[in-house]
Amino acid sequence: MNRCMTGVSMIVGLSVAGCTALTLDPVLQQKPGNSLIADYSANRVVEVDRNGRECAEWADIFGVWDANYLPNGNILVVAFSVSRVSELDRDGNSVWSYGKLKNPYSAQRLANGNTLIANTFASEVIEVDPVGVVVWRFDKNIRPFDAELTPTNTVLITDVLNNRVIEVNREGEIVWEIGELPTPHDADRLANGNTLITLRATGTVMEVNGKGEIVWSLFDLAHPSDADRLPNGNTIVAENKIVREFDRTKKVVWAKEMVWAVEVSRWQPAPKQAMKAKPMRTPKPATTIIADYSENRVVEVDAQGKEIASWDEIFGAWDADILPNGNLLIVEFSVSRVQEITRKGKVVWTYEKLKNPYCAQRLANGNTLIADTFGGRVIEVSQQGKVVWTYDNDIRPFDAEATNVGTVLIADVLQDRVIEVDRAGRIVWELGGVPNVHDADRLPNGNTLVTLRNKGTIAEYSPNGEIVWQVTGLSSPSDADRLPNGHTIVAETTRVREFDKAGKVVWTKKMTWAVEVNRGPR
């Protein structure tokens, strides 16, 4: 570790007396013990013991993508969906937060008290001081899925845009690089100087030396997004629906099933901190929002389909979502309007320059993505009502949603297809031959759930266009959502039904004309 012994006060982010201000002092050493798991789809961080048994959780962390123990016993969490990094105490209270971000993937608390953040969809890595001032930035043609400070005061970055891992110094110079890495999600500099890299697309975790040579690896993993080398030499891996610990011979030590685990980290808390761990709390039951088109209303039902709330005079209600702040985002087809309303019905945001829209999605940056159906376009609108992005290349969009990789998935009924377009307007994926397609959702496993109204079918397609699951014989379905428990909820005009993985009906609610259904927190 380089240290400056000049007696000169050092200012973070600047060079003083020829030395780099960013330092990594020895911090609390990790020991075999409890682990934190970021469970993205379940919006929670869970703590498990060394046998994988849950002992604490932090809930309502929307789109949690990263979670790490801090030396003071708190945890540092990254909420991808609401573009925020927060420090939480053991009781879940926020003691520090930074929100001027665009869908971040990772954060690391540094020894100087600053926080290093992979601000993924802003295409930058930044260092933020405790009062929220950015004191260092690297933004040279990257999309960082992970960033960490190394013991030599460089920054290791997984750059998924260029399929590489790079190491940069404080002057922004690349001092080490390994390329041709398909979808790198995580990179950690190990104590022996090697680098542990997680490749999601190939299901691989590999350890490479300074020359880029593979010296150890795990293959055939289930979509890994993070791997940590433990002090005992074992490796713990987050693989979507499972977290597993492997020993050096690649034997599984323990495994724990999850909804969608994206990050895992190990630390042994001090006994007093462990005693203060908050007991697991039972999550509040999720509710379902249904857009009832003919009745000009939105209705909320509980897990058994019992009505618990409703909002009237929503003219031609075609879409409704529960937002993280508890408000509703609603689409009124008949009056060509999208509005955000409180649970008491107060309008807090409106956009009306539309032509019979079908759906809307609130993005993490605060903007709103709208399928302006009979306007023949998909647009992104800022909070101030400015259109900041448009795709209008010969489409009639019945549905549009932003994916986790920054593309937009569009159900185009005009050409009987689902297309995925990037921000430059290029089609990067297409599924054809899907007549009267009403809805398309990108699932956590990378597949796409498609609703075909005329065929009375909902089908899950692989990236190769193969049907891997479906339910047929439905009554004019217009929307389907995959739930965290693996069930699928479907709006079928005169009813809404929830199906389990085997296609068995869990519950049914009769409606006048249900066109959209969404499950959200209560």
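Here the structure is a predicted model, which is why all the values come from computation and not from measurement.
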Would you compute the distance between atom [atom1] of [X] and atom [atom2] of [Y] and round it to the nearest 0.5 angstrom?
X    : Y    : atom1 : atom2 : value
L110 : N153 : CG    : CG    : 10.0 Å
N240 : N445 : CG    : CG    : 7.5 Å
L149 : L116 : CG    : CG    : 6.5 Å
I379 : K386 : CD1   : NZ    : 13.5 Å
T235 : D228 : OG1   : CG    : 9.0 Å
Q108 : E148 : CD    : CD    : 6.0 Å

Candidate pair E245 and L230, rule side chain to side chain contact (heavy atoms under 4.5 Å, CB included), full reasoning | CA-CA 9 Å; E245 180 178 334; L230 305 179; 3.6 Å; yes
So, for [X] and [Y], which heavy atoms are closest and what is the spacing to 0.1 Å?
X    : Y    : answer
D399 : A440 : OD2-O, 3.1 Å
I330 : V298 : CG2-CG2, 4.2 Å
G179 : R164 : CA-CB, 4.0 Å
N163 : P182 : OD1-CA, 4.1 Å
A360 : V338 : CB-CG1, 3.9 Å
V208 : N194 : O-CB, 3.1 Å

Taking the side chain as every heavy atom from C-beta outward, state whether [X] and [Y] have any atom pair closer than 4.5 Å.
X    : Y    : result
Y98  : T115 : no
V128 : K100 : no
W176 : R189 : yes
L181 : M206 : yes
N365 : E380 : yes
F145 : T120 : yes
S35  : I236 : yes
Y391 : I427 : yes

Going by the side-chain contact (heavy atoms from CB on, under 4.5 Å) test, name the single residue among V77, V46, I75, D91 that passes it with W58.
-> I75
Is there a side chain to side chain contact (heavy atoms under 4.5 Å, CB included) between N327 and W349 once you walk through the steps?
-> CA-CA 11 Å; N327 292 347; W349 183 82; over 6 Å; no
Between [X] (side chain) and [Y] (backbone), is there a donor-acceptor pair under 3.5 Å?
X    : Y    : answer
W318 : C359 : no
Q383 : G366 : yes
D188 : L190 : no
D321 : L323 : no
N356 : F333 : yes
T373 : P397 : yes
S225 : H185 : no
N162 : N141 : yes
D372 : K355 : yes
T198 : P224 : no

Thinking salt bridges, do R244 and E239 make one under a 4.0 Å N-O criterion?
-> yes
Salt bridge flag under 4.0 Å for residues K256 and E54 = yes
N325 and E340: side chain donor to acceptor below 3.5 Å = yes
Might you work through the side chain to side chain contact (heavy atoms under 4.5 Å, CB included) test for V160 and Y105, ending with a clear yes or no?
-> CA-CA 12 Å; V160 76; Y105 264 43; over 6 Å; no
Describe, in one word, how the ring planes of Y40 and W65 are oriented to each other, choosing from parallel (under 30°), tilted (30 to 60°) and perpendicular (over 60°).
-> perpendicular
Could you walk me through whether E401 and R442 pass the salt bridge (Lys or Arg N to Asp or Glu O under 4.0 Å) check?
-> CA-CA 8 Å; E401 72 160 35; R442 178 61 44 79; over 6 Å; no
Evaluation steps, side chain to side chain contact (heavy atoms under 4.5 Å, CB included), between V85 and W96 = CA-CA 8 Å; V85 174; W96 180 84; 4.0 Å; yes
